[in-house]
Amino acid sequence: MSPPRLRFAPSPTGYLHVGGARTALFNWLYARRHGGQFLLRVEDTDKARSTEESTRAIFEGLHWLGLDWDEDVVYQGANVARHRADAERLVANDHAYRCFCTAFELDARRKQAEATEGAFKYDRRCDQLDRAEVARRVAAGEPNVIRFRVPEGRSTEWNDLVHGAISFPNKDIEDFIILRSDGTPIYNMAVTSDDIAMGITLVMRGDDHISNTPKQIMLYEALGAALPQFAHLPMIHGTDGKKLSKRHGATAVADWQHEGILPQAMVNFLALLGWSPGGEFNEVMGIEELIAAFSADGLLKKASIFDTKKLEWMNGQHLVRMPLAELGPLVARKMAAAGLATEEDLAARQAWYHALLELLRVRSRTVDDIVRQARPYLVETVTYDEHAAAKAWKDAAEARALLAAAHDTLATGAWEPAAIEAALKGLAEARGIAAGKLFGPMRVALTGEANSPGMIDVLGVLGREAALARLTAALNDIDRRTGLS
RNA sequence: GGCGGUAUCGUCUAGAGGCCUAGGACACAGCCCUCUCAAGGCUGCGACACGGGUUCGAAUCCCGUUACCGCUACCA
């Protein structure tokens, strides 16, 4: 079997939505798994809604996710001449005919029909016109569209890769328009013409296209082209079960990128929405594992809900697994943006920086979480969280004594984890308290926060000089507080 | 309305007639670990939409109902 050719065909009318991203991902995964090609086609025939900015956003989103495409991007708008030629060919073939009914008339008839019997279906009146009259009206310059003549007395069916057999009785499908009166193609015509021209062998798209499929199949047949396979993916909904929209918060992949979600986590999460490798498996997978495991058999039929919590958990898993060499620059960029450090500075003390990341990433779910928690270790002086200070330094005299003792203990001796720990535990024991009673006040003094990595690790990252300075600053702050009260 | 699609814990899913007392993951709760917070480990809570068939036996097959989603444009 020759390698499959798939495509992702977004219309550039917005940003790259997570639903679109997943459709792209599945197409990409299938192509990569089977050694085929993954093509990109921008469906920009709707000039009113398409924008260059949107096209760029889609490219960027795909690029961020690591979904690279083969061959040049196809712009549908560049192919209207072929679309029109194909439509005209169908007229010549007798598979389509010219219709002179105006949009206005059609609209009136449709309203009429809906008011009385319900469903409206084009009555084929223009198909009754004789050739001479059609020729005369065309020659007279009367506007007309081209309609496809739907074959009677049969059904159009296909074996969908995700849904199995799907069948539509042709009698339920009206003679649909394929070319507008201004000579531009209607969606189904453009798509079919392009998919044939691009040699697409598997059309994988959202299941909102299921009812377009019989029309496209008829077009393939009338055009004498080989049918591709079809796979219709379920939709992604918001937490309320409705179609994902702005109301649900972040829906564009770029939004998640800005929230500090890793592309590999996004890909991993999206892959598992609507697809499963089957059986028991580890859900945290890298892109190579996804490619190796991907198969159309695992595609699910049911629409799924985008669960932000799970995405964040997934991100945390990837955060811990990824190489520091890769995580470092990523976080550094955000730290620089937050004004906490410069990328050059962090690169200059890489060993220290990596040790810090190692401490923080296990406590984070997003890149932004890391940046937030890194603050105390990057700024000159800490700002105390009032709740934390009030609690840890509740007994000012005791806290003062403890911090002063800690300062003296840390001022001498080897600056090395085991030694520091032994010294501090010794101090706590000497004062007859649990180590935690000592670490609590120290934690606020050193980080300003109620929570932080282990005390010994914090001291290690801070270094003796900064640690002593902060202990002294805390002593002064406590004095200031008691002076005020 | 017509046509098409879908239906397992709150969510993502495993399950292809007996392995199901329905498994895993997220979330939630508790416990353990522990200097706090995480991470990790353990435990708990929690589902086959409903009704009929078929079968010795159904979450799995068939029919119907219900609910939800999509399409029903000279939009894509």
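Below, each value reflects all heavy atoms present in this structure, side chains not excepted, and no hydrogens, waters or symmetry copies. Throughout, protein chains are lettered first and strands after them, A, B, ... in sequence-line order, and every chain is numbered starting at 1.
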Strictly by modelled atom types, are [X] and [Y] linked by a side-chain donor-acceptor pair under 3.5 Å?
X      : Y      : answer
A:T156 : A:N170 : yes
A:N188 : A:Q216 : yes
A:Q373 : A:S364 : yes

Original post:
Looking at A:Y187, A:Y97, A:F148, which hits ring pair (Phe, Tyr, Trp, His ring centres under 6.0 Å) with A:F176?
Top reply: A:F148

When we call it a touch if two heavy atoms are under 4.0 Å apart, what does [X] touch: a base, just sugar-phosphate, or nothing?
X      : answer
A:N282 : nothing
A:P143 : nothing
A:G206 : nothing
A:H232 : nothing
A:L300 : sugar-phosphate
A:S181 : base
A:S304 : sugar-phosphate
A:T102 : base
A:F168 : sugar-phosphate

**OP:** Classify every nucleotide of nucleotides 21-28 of chain B by which part a protein heavy atom approaches to under 4.0 Å, writing B for the base, S for the sugar-phosphate alone and - for neither, in 5'-to-3' order.
**Re:** --BBBSS-

Kindly point out which of [options] is positioned nearest to the side chain of [X]?
X      : options                : answer
A:E43  : B:rC74, B:rG4, B:rA76  : B:rA76
A:I166 : B:rG4, B:rC74, B:rC69  : B:rG4
A:S211 : B:rC71, B:rC74, B:rA76 : B:rC71
A:S452 : B:rU36, B:rA76, B:rA14 : B:rU36
A:I186 : B:rC74, B:rC3, B:rA38  : B:rC74

**OP:** Could you check whether the rings of A:F230 and A:Y220 sit parallel, tilted or perpendicular, using 30° and 60° as the cut-offs?
**Re:** perpendicular

